[in-house]
Amino acid sequence: MATADKEKKLKEGWEGISRFFRANSLWMLMYCTGCCAIELPQAMTSRYDMERLGMGPMATPRQADVLLVTGYLSVKTLRRVIYAYEQMSTPKYIVAFGPCTINGGIYHDAATVIKSLDQYLPIDVYIAGCMPKPEAVMNGFQDLIDMIKDKTADGWKRYRDNYDWYKQNQIESLGELRIKDEYHE
Amino acid sequence: MSKINMQLKELTENVGKSYSVLQVDYPTPNQAALDFQPGDVHAVLAYLKGQGFRQMSLLSCVDWIEDGQFQLVYLLFNWEAGLRLQVRTRIDRANPVFTTVTGIYPGAKYYERDVHEFFGVEFNGNPDSSKPLFLENWDDMPPMRKDFDPQAYSDRKYKAREYKTDFNTKAGEGQ
Ligand code: SF4
């Protein structure tokens with residue numbers, strides 16, 4: 001009993017330490033799908049400088065922690081975003097920008113643009129604003145960091161636990177998840 | 001409106017001598033829009049290519065649903081003189097078939113795919129024209145036709161977020 005208790009405590013301690021380091025060193029994969037992406041350069045460069053939060057850009061999904069989905073997603077893009085998300089290693093987080101990812105925004109009636117991203121992928125933080133100002137972007141990132149520290153950024157666990165539900169939604173809207181175009185033939 | 005480019009005017013007159021032009025328009029001083037019968041389009045395009053209109057910038061399509069017609073618009077550009085031409089023709093909407101112009105402008109290959117995808121016009125002689133270009137797994141009528149309802153398609157296909165309504169506007173409010 002005592003040893004099990006000890007082990008549990010040790011494990012929690014380690015998790016706490018790794019959460020601390022995770023929260024302070026986040027690598028972003030920027031999937032700049034829509035116009036919201038235009039606010040990222042300001043947030044990244046000297047004026048707002050997100051590097052001071054410990055965030056930096058990463059080139060490949062496998063090495064990234066945060067997936068930024070900046071705006072509307074056509075079905076064609078969503079298919080590729082799902083690829084990118086599933087390639088990332090856990091723990092992984094998604095930050096979604098703008099009303100386009102929340103309810104379709106101004107593209108709510110477009111035939112090729114999805115309405116609500118959380119039907120297909122788990123979202124940890126939404127940033128409101130069409131497009132969100134750099135202050136809002138920074139605020140969203142700070143929220144994400146706080147959520148990682150207090151264990152509420154659990155989107156990747158939700159995705160793992162409700163995998164079938166997410167897959168079913170994806171297939172319902174996309175038909176097929178495999179990318180089949182002439183460049184992949 | 002400033003004066004119409006003399007060279008362009010001369011050119012449209014020359015075209016009119018050999019082919020029956022149904023209508024001439026000058027949307028801007030260096031741009032002319034000429035309407036032809038479908039049968040004349042290829043000959044006209046070949047002639048114009050010889051007159052310096054080396055580039056076909058775009059093939060566009062307009063859905064005139066009330067007339068029951070599609071209008072094909074070939075946009076040509078002359079780099080030396082800085083002139084633009086629209087060569088337009090109307091085809092039957094119920095049976096939208098046209099002949100490819102890839103023999104004259106090879107780049108039309110992709111524009112024809114585009115028009116086929118979004119309007120459903122078949123291009124005889126272009127074996128690629130029915131391949132999808134932008135849309136993936138499209139399962140409805142070509143989406144740029146006027147009788148396509150994008151809202152209905154979107155509602156059917158993509159799940160919307162559900163809201164609790166906590167504020168109801170009175171009549172006339174929040175319009
Ligand atoms: S939320 Fe607004 S700014 Fe962002 S992608 Fe949509 S339309 Fe563009």
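The chains referred to below are lettered A, B, ... by the order of the sequence lines, with proteins before strands, and numbering in each begins at 1.
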(request) Group every Ile, Leu, Val, Met, Phe, Trp and Tyr by side-chain heavy-atom contacts under 4.5 Å, then state whether A/Tyr72 and A/Tyr31 land in the same group. (result) no
(request) Would you indicate whether the side-chain heavy atoms of B/Asn137 and A/Arg79 approach each other to under 4.5 Å? (result) yes
(message) Assigning hydrophobic clusters by single linkage (Ile, Leu, Val, Met, Phe, Trp, Tyr; side-chain heavy-atom cutoff under 4.5 Å), is A/Phe97 placed with A/Trp27?
(response) no
(request) Give a yes or no on whether a salt bridge exists between A/Arg178 and B/Glu136, defined as a side-chain N under 4.0 angstrom from a carboxylate O. (result) no
(message) If you count every heavy atom of other residues, nucleotides or ligands that lies below 6.0 Å from A/Arg62 atom CZ, does the total exceed 12?
(response) no
(message) With clusters defined by side-chain heavy atoms of hydrophobic residues (ILVMFWY) lying less than 4.5 Å apart, directly or transitively, does B/Phe123 cluster with B/Phe134?
(response) yes
(message) Could you see if A/Phe20 belongs to whatever hydrophobic cluster contains A/Ile148? Use Ile, Leu, Val, Met, Phe, Trp, Tyr and a side-chain cutoff under 4.5 Å.
(response) no
(message) I need the A/Glu172 CD to B/Lys159 NZ distance, nearest 0.5 Å.
(response) 5.0 Å
(message) Let me check something: do A/Met58 and A/Val81 share a hydrophobic cluster, defined by ILVMFWY side-chain heavy atoms less than 4.5 Å apart, either directly or through other members?
(response) no
(message) Can you tell me which portion of B/Tyr158 sits under 4.5 Å from chain A's heavy atoms? Options are side chain, backbone, both or neither.
(response) both
(message) Between B/Ser154 (side chain only) and A/Val113 (backbone N and O only), is there a donor and an acceptor less than 3.5 Å apart?
(response) no
(request) Verify the neighbour count for atom CD of B/Glu10: are there more than 12 heavy atoms of other residues, nucleotides or ligands below 6.0 Å? (result) no
(message) Taking every non-hydrogen pair under 4.5 Å, which of A/Ser116, A/Ser173, A/Gly104, A/Ala111 racks up the most with chain B?
(response) A/Ala111
(request) Calculate, to the nearest 0.5 Å, the distance between atoms OH and CG belonging to B/Tyr163 and A/Asn103 respectively. (result) 3.5 Å
(message) Are A/Thr112 and B/Tyr153 packed together at the side-chain level, in the sense that at least one heavy-atom pair is separated by less than 4.5 angstrom?
(response) no
(request) Below 4.5 Å from any heavy atom of chain B, which atoms of A/Leu174 appear? Answer side chain, backbone, both or neither. (result) backbone
(message) Tell me if the CD1 atom of A/Ile171 is crowded by more than 12 foreign heavy atoms within 6.0 Å.
(response) yes
(request) Against chain A, label B/Asp140 side chain, backbone, both or neither, depending on which of its atoms sit under 4.5 Å from a heavy atom there. (result) neither
(request) Against chain B, label A/Glu176 side chain, backbone, both or neither, depending on which of its atoms sit under 4.5 Å from a heavy atom there. (result) both
(message) Between B/Arg161 and A/Lys115 (side chain of the first, backbone of the second, donor and acceptor by atom type, cut-off under 3.5 Å), is there such a pair?
(response) no
